[in-house]
Trainee: 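Could you have a look at this structure, given as structure tokens, before my questions?
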Amino acid sequence: MKKVKKNSKQFSILDFRFLIAAVLFAIMLVLAWVFSGTDKKFVQAGEELFALSNKVRVYYSNRPDYWGLNTQKVLSDKILDDSLAKDAKIIGVLGNEIIIGQGIEGNVTMPRVKSFDVVYKNLSKTQCRALAAMKMDEKQALGLLSVTINNGLEAKVFAWGIDTNPLPVSYSNAKKLCNDNSDIIWKFE
């Protein structure tokens, strides 16, 4: 009988180890699923940004400049899909407001201005870091003039061809600058 008890104790310890291993594996799967979904959202947000800028450029392609462009014009003239329009605002895949026009407030673009801004407002620290440092292909990068990260305390501009804050934004620069409620301004031509 003693041997049976030893064997049953050994089985319960093995069962316990197996249970721990199964639980750890399940946790790893859940974390992988959660983070892969988050990454997909950031990829979608990047695609959304460049698709939106392209739609604005196509709409204004037969005009000499972006005069009159702002969020309300984009909504009223149906420049973008209705799926992004909610309560007279543009809401992106991350659930944040997107503003179009000039500057952080999306002011109306004045005559002879040949660029416009797309602003992603009130981003979390994680969203800001991922979007600011996102990878872009050559086609996407062609129309981009600058990226500004505004964390409420400071705003830093990153642009092509400058030594101090060059584009593309590095993850380490995004990490230093991004806070909760940060805004990112992409300036397109």
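If you read the sequence from its start, that first residue is 1, and numbering goes on from there.
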Trainee: Taking everything shown except Trp67 itself, do over 12 heavy atoms lie less than 6.0 Å from its CH2?
Mentor: no

Trainee: Which heavy atom of Ile162 sits nearest a heavy atom of Asn165, and at what distance?
Mentor: CD1-O, 3.3 Å

Trainee: Once rounded to the nearest 0.5 Å, what's the spacing between atom CD1 of Ile99 and atom CD of Glu97?
Mentor: 4.5 Å

Trainee: If I take atom CZ from residue Arg129 and atom CD1 from residue Ile184, how far apart are they, to the nearest 0.5 angstrom?
Mentor: 11.5 Å

Trainee: Atom CG in Leu153, atom CG in Asn151: separation rounded to 0.5 Å?
Mentor: 5.0 Å

Trainee: Heavy-atom distance under 4.5 Å between the side chains of Ile149 and Val169, does that happen here?
Mentor: yes

Trainee: Would you list the pairs meeting ring-ring contact (aromatic ring centres under 6.0 Å, His included) in which at least one residue belongs to residues 100-131, sequence neighbours left out?
Mentor: Tyr66-Phe116, Phe116-Phe188, Tyr120-Trp186

Trainee: Please determine whether residues Ile104 and Ile100 belong to a single hydrophobic cluster, defined as Ile, Leu, Val, Met, Phe, Trp and Tyr linked transitively by side-chain heavy-atom distances below 4.5 Å.
Mentor: no

Trainee: Kindly determine whether Tyr171 and Lys176 satisfy side-chain contact (heavy atoms from CB on, under 4.5 Å), including the steps that lead there.
Mentor: CA-CA 9 Å; Tyr171 186 80; Lys176 287 179 206 170; over 6 Å; no

Trainee: Considering all heavy atoms of both residues, which atom of Leu167 and which atom of Leu145 are nearest to each other, and what is their separation?
Mentor: CD1-O, 3.9 Å

Trainee: Regarding Ser172 and Ser170, is there a side-chain donor-to-acceptor distance under 3.5 Å anywhere?
Mentor: yes

Trainee: Let's go through Asp65 and Val113 carefully: what are the C-alpha distance in whole Å and the side-chain angles of both, what is the deciding distance for side-chain contact (heavy atoms from CB on, under 4.5 Å) to 0.1 Å, and is it a yes or a no?
Mentor: CA-CA 6 Å; Asp65 54 32; Val113 175; 5.6 Å; no

Trainee: Has Asp163 got more than 12 heavy atoms of other residues, nucleotides or ligands less than 6.0 Å from its CG?
Mentor: no

Trainee: For the residue pair Glu189 and Leu142, what are the closest heavy atoms and their distance?
Mentor: OE2-O, 3.7 Å

Trainee: Kindly check if the number of other-residue, nucleotide or ligand heavy atoms within 6.0 Å of NZ (Lys89) is above 12?
Mentor: no

Trainee: Which heavy-atom pair separates Leu131 from Leu94 by the least distance, and what is that distance?
Mentor: CD1-CD1, 3.6 Å

Trainee: Give the intermediate values and the outcome of side-chain contact (heavy atoms from CB on, under 4.5 Å) for residues Ile90 and Leu80.
Mentor: CA-CA 9 Å; Ile90 302 171; Leu80 60 98; 3.6 Å; yes

Trainee: Taking Val119 as the starting point, is it possible to reach Phe50 by hopping between hydrophobic residues whose side chains are less than 4.5 Å apart?
Mentor: no

Trainee: Looking only at side-chain N and O atoms, does Arg57 offer a donor or acceptor that is under 3.5 Å from a partner on Ser61?
Mentor: no

Trainee: Could you measure the distance from the NZ atom of Lys86 to the CD1 atom of Ile91? Nearest 0.5 Å is fine.
Mentor: 7.0 Å

Trainee: Would you say Leu49 ends up clustered with Tyr59 if hydrophobic residues are merged whenever their side chains have heavy atoms under 4.5 Å apart, either directly or through other cluster members?
Mentor: yes

Trainee: If you measure from NZ on Lys121 to CG on Asn181, what distance do you get to the nearest 0.5 Å?
Mentor: 10.0 Å

Trainee: Checking Thr148 now: which residues fulfil side chain to side chain contact (heavy atoms under 4.5 Å, CB included) with it, not counting sequence neighbours?
Mentor: Ala155, Val157, Ile185

Trainee: Within a strict 4.5 Å, meaning less than it, do heavy atoms of the Phe42 and Gln44 side chains meet?
Mentor: no

Trainee: Just by modelled atom types, is the Lys125 backbone N or O under 3.5 Å from a matching donor or acceptor in the Asp180 side chain?
Mentor: yes

Trainee: Quick one: does any side-chain atom of Glu154 pair with a main-chain N or O of Leu177 as donor and acceptor, under 3.5 Å?
Mentor: no

Trainee: At their closest point, which heavy atom of Gly68 faces which heavy atom of Tyr60, and how far apart are they?
Mentor: C-OH, 3.9 Å

Trainee: Is a side-chain N or O of Asn150 found less than 3.5 angstrom from the main chain of Gly152, in a donor-acceptor match?
Mentor: yes

Trainee: Can you list every pair that meets salt bridge (charged side-chain N to carboxylate O under 4.0 Å, His left out) and has a residue in residues 98-119, with sequence neighbours left out?
Mentor: Asp117-Lys187

Trainee: With a 4.5 Å cut-off on side-chain heavy-atom distances among I, L, V, M, F, W and Y, is there a chain of contacts connecting Leu52 to Val147?
Mentor: yes

Trainee: Are Ile98 and Met136 connected, step by step, through hydrophobic side chains (Ile, Leu, Val, Met, Phe, Trp, Tyr) whose heavy atoms are closer than 4.5 Å?
Mentor: yes

Trainee: Ignoring hydrogens, what is the shortest heavy-atom contact between Asn122 and Asn96? Give both atom names and the distance.
Mentor: O-ND2, 2.8 Å

Trainee: Using side-chain heavy atoms (C-beta onward) and a distance below 4.5 Å, is Val43 in contact with Met134?
Mentor: no

Trainee: Is there a side-chain contact (heavy atoms from CB on, under 4.5 Å) between Lys55 and Val58 once you walk through the steps?
Mentor: CA-CA 5 Å; Lys55 288 179 182 185; Val58 167; 5.8 Å; no

Trainee: Once rounded to the nearest 0.5 Å, what's the spacing between atom CG of Asn179 and atom CG of Leu123?
Mentor: 11.5 Å

Trainee: Is the backbone N or O of Cys178 less than 3.5 Å from a side-chain atom of Ser182, with the two atoms forming a donor-acceptor pair by type?
Mentor: no

